[in-house]
Amino acid sequence: PCPPLLSVPVRAVAEQDRWVREEVTWGGGPTATGGWGSVSPPGVLFSIEVMSSHFSVWDYWRGFFAATCGAFMFRLLPVFNSEQETITFLYKTSFRVDIPFDLPEIFFFVMLGGLCGILSCAFLFCQRIFFGFIKNNRFSSKLLATSKPVYSALATLVLASITYPPSAGRFLASRLSMKQHLDSLFDNHTWGLMTRNSSPPWPEELDPQHLWWEWYHPQFTIFGTLAFFLVMKFWMLILATTIPIPAGCFMPIFIYGAVIGRLFGETLSFIFPEGIVAGGITNPIIPGGYALAGAAAFSGLIVHALRPLLMAVRQPTKLPYLPRILGRNIGSHRVRVEHFMNRSITTLAKDTPLEEVVKVVTSTDVAEYPLVESAESQILVGIVRRAQLVQALQAEPLSWAPGHQCLQDILAGGCPTEPVTLKLSPETSLHEAHNLFELLNLQSVFVTSWGRAVGCVSWVEMKKAISNLTNPPAPK
């Protein structure tokens with residue numbers, strides 16, 4: 001049984017108990033059971049937004065059809081195994097239907113959205129910094145290049161040791177599965193009120209009826225365990241994403257956002273234990289609703305969903321997507337890269353004197369330069385970043401001997417170069433180039449003919465070529 005509620009406000013508890021019996025589902029309207037499980041148009045649009053930078057949208061219906069079949073079989077198997085009587089929702093919620101959120105709470109949801117935005121930016125920034133460290137560190141880069149299983153085992157050992165329930169996992173609710181994490185975080189009851197004058201026991205075995213007990217500790221309290229979860233999982237998720245094994249990261253990110261919302265909601269409930277007055281009626285705060293909003297906001301920000309951008313940007317032409325090529329009969333296969341590529345590119349040859357290199361760097365502001373074998377051959381061999389080249393030139397400027405040193409000496413001294421993994425041919429069609437830019441999320445790519453650098457193509461050239469194709473300029 002649940003621990004007694006000694007001095008918890010009776011009105012708040014009574015209202016919460018009443019709302020537990022009024023259930024609702026995402027995307028499917030009020031139902032008798034509530035939960036997630038119905039397929040809705042916003043869900044399809046969200047999936048396209050998330051994956052449009054990785055897969056061609058034209059072929060997405062095949063993936064959606066396959067995912068629908070897989071989801072249907074996944075929910076049908078428990079019925080075949082007699083675990084359930086019929087198909088039910090995967091994650092159940094029980095939020096009230098009539099007035100989901102009071103008007104004064106909109107301000108708090110705006111604050112929660114801002115908090116998720118700040119944390120998502122911090123997460124992505126730290127992830128990028130850690131990826132750079134892993135790539136540049138001699139030990140980790142060698143381990144990933146030659147012994148991926150060893151690196152994966154070491155990272156897994158670290159994560160498993162921390163989440164081991166008898167150790168630090170006791171404060172991370174590590175005995176819960178992904179589904180149980182969400183079921184507990186979306187709970188309608190306010191844990192802070194339920195533990196104000198009582199201490200629920202931590203059972204030796206997981207209690208499916210009281211999953212929220214896994215989040216409580218007498219010394220840490222609910223607030224301590226939720227905050228500890230956020231701090232630890234922040235760097236643990238970043239470390240887990242470096243493991244070179246295909247694994248989904250959406251659900252851990254979704255749970256992390258749910259914990260943010262749950263902690264935010266529990267804090268509001270602690271500040272306003274009687275609830276918020278709206279229209280003369282006092283309605284208690286439901287932390288589960290904030291957990292739901294936090295999960296959606298944080299996960300959407302991490303995966304760069306486009307829906308928040310659509311609300312902020314008025315002109316569709318400013319969105320980070322190339323214009324579509326409608327139909328196959330408008331001549332996109334006849335337009336070749338040589339017709340619209342930028343031919344005025346600045347190359348740096350290995351035999352270029354340092355004086356000329358300095359003039360090029362100071363007179364241009366491009367982020368990278370194509371590196372060619374020699375000024376005569378113009379054979380493209382790599383890319384050199386401007387920032388790294390400037391840093392190498394400033395390292396020992398007094399050691400230059402005019403007329404005796406060239407770019408090759410700087411490169412041999414440690415200035416890094418990058419290989420050119422993708423190049424276009426002048427004979428490549430606009431249609432093929434458009435598909436490559438969309439699928440690989442390219443910003444620019446060099447064009448070579450028989451290995452010689454002859455130009456480059458960026459978003460500017462692509463947009464102009466597509467515009468001229470769909471709306472040909474008037475003949476002069």
Side-chain angles (χ1 to χ4, degrees), residues 44-45 47-64 304-306 309-310 313-348 364-373 377-386 418-476:
V44 178
L45 292 177
S47 64
I48 294 178
E49 291 168 5
V50 172
M51 303 307 297
S52 59
S53 60
H54 302 281
F55 299 99
S56 175
V57 178
W58 291 99
D59 298 327
Y60 207 97
W61 70 269
R62 298 180 177 89
F64 178 75
H304 299 284
L306 193 59
L309 188 63
L310 293 174
V313 181
R314 291 185 179 182
Q315 297 296 332
T317 57
K318 301 298 183 181
L319 297 179
Y321 289 95
L322 287 173
R324 293 177 57 189
I325 297 181
L326 299 176
R328 296 179 177 235
N329 300 322
I330 61 175
S332 61
H333 290 279
R334 295 191 296 270
V335 178
R336 297 191 298 271
V337 167
E338 62 180 349
H339 295 154
F340 59 88
M341 68 180 183
N342 179 17
R343 300 176 183 271
S344 59
I345 59 173
T346 303
T347 61
L348 289 178
T364 59
D365 58 354
V366 295
E368 59 187 23
Y369 299 99
L371 180 65
V372 296
E373 186 64 35
S377 68
Q378 290 291 310
I379 299 299
L380 184 63
V381 295
I383 296 174
V384 58
R385 300 284 180 181
R386 183 178 186 275
E418 300 178 7
V420 181
T421 57
L422 178 64
K423 295 171 286 187
L424 294 181
S425 168
E427 302 298 325
T428 303
S429 67
L430 173 61
H431 193 88
E432 293 172 334
H434 183 271
N435 287 337
L436 289 174
F437 269 76
E438 276 198 333
L439 294 178
L440 302 180
N441 194 23
L442 299 176
Q443 300 298 319
S444 64
V445 62
F446 291 108
V447 182
T448 60
S449 176
W450 297 97
R452 299 177 67 253
V454 295
C456 71
V457 175
S458 65
W459 274 39
V460 176
E461 289 77 28
M462 290 292 297
K463 289 183 176 179
K464 185 177 180 180
I466 298 173
S467 176
N468 292 337
L469 187 65
T470 55
N471 301 299
K476 296 182 181 179

For this session: Test L440 against L422 for side-chain contact (heavy atoms from CB on, under 4.5 Å), laying out the working first.
Result: CA-CA 10 Å; L440 302 180; L422 178 64; 3.7 Å; yes

Problem set entry | CA sep, side-chain torsions, deciding dist, call: M462, L430, side-chain contact (heavy atoms from CB on, under 4.5 Å) | CA-CA 8 Å; M462 290 292 297; L430 173 61; 3.9 Å; yes

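One distance of note links OG1 of T364 with CZ of R386; it measures 6.0 Å at 0.5 Å rounding. If you take CH2 on W459 and CG on L442, they are separated by 10.0 Å, rounding to the nearest 0.5 Å. Rounding to the nearest 0.5 angstrom, the gap separating the CG atom in L469 from the NZ atom in K464 is 14.0 Å. Note that CG of L380 is 8.0 Å distant from CG of L371, once rounded to the nearest 0.5 Å. The CG atom of L348 lies 12.0 Å from the CD1 atom of I383; values are rounded to the nearest 0.5 Å. With rounding to the nearest 0.5 Å, the separation of CZ in R334 from OG in S429 is 11.5 Å.
You'll find the side chain of E461 stays beyond 4.5 Å of the side chain of V337, heavy atoms only. Using a 4.5 Å heavy-atom cutoff, the side chains of F340 and N468 are not in contact. L424 places a side-chain heavy atom less than 4.5 Å from the side chain of L436.
Across all their heavy atoms, A453 and I345 have their closest contact at CB-CD1, 4.2 Å. Contact detail for E373 and V381: the closest heavy-atom pair is OE1-CG1, 3.5 Å. Here the shortest heavy-atom pairing between T347 and Q378 reads OG1-OE1, 3.2 Å.
Residues passing the side chain to side chain donor-acceptor pair (under 3.5 Å) test with N342 are S344, sequence neighbours excluded. Scanning for side chain to side chain donor-acceptor pair (under 3.5 Å) contacts around S449 gives an empty result, with sequence neighbours left out.
Judged by distance alone, with hydrogens and angles left aside, the side-chain atoms of W450 form no donor-acceptor pair with the main-chain N or O of I379 at under 3.5 Å.
Annotation: side-chain hydrogen bond (donor to acceptor under 3.5 Å, both in side chains) contacts involving residues 418-428, sequence neighbours excluded, comprise R336-E427, R385-E418.
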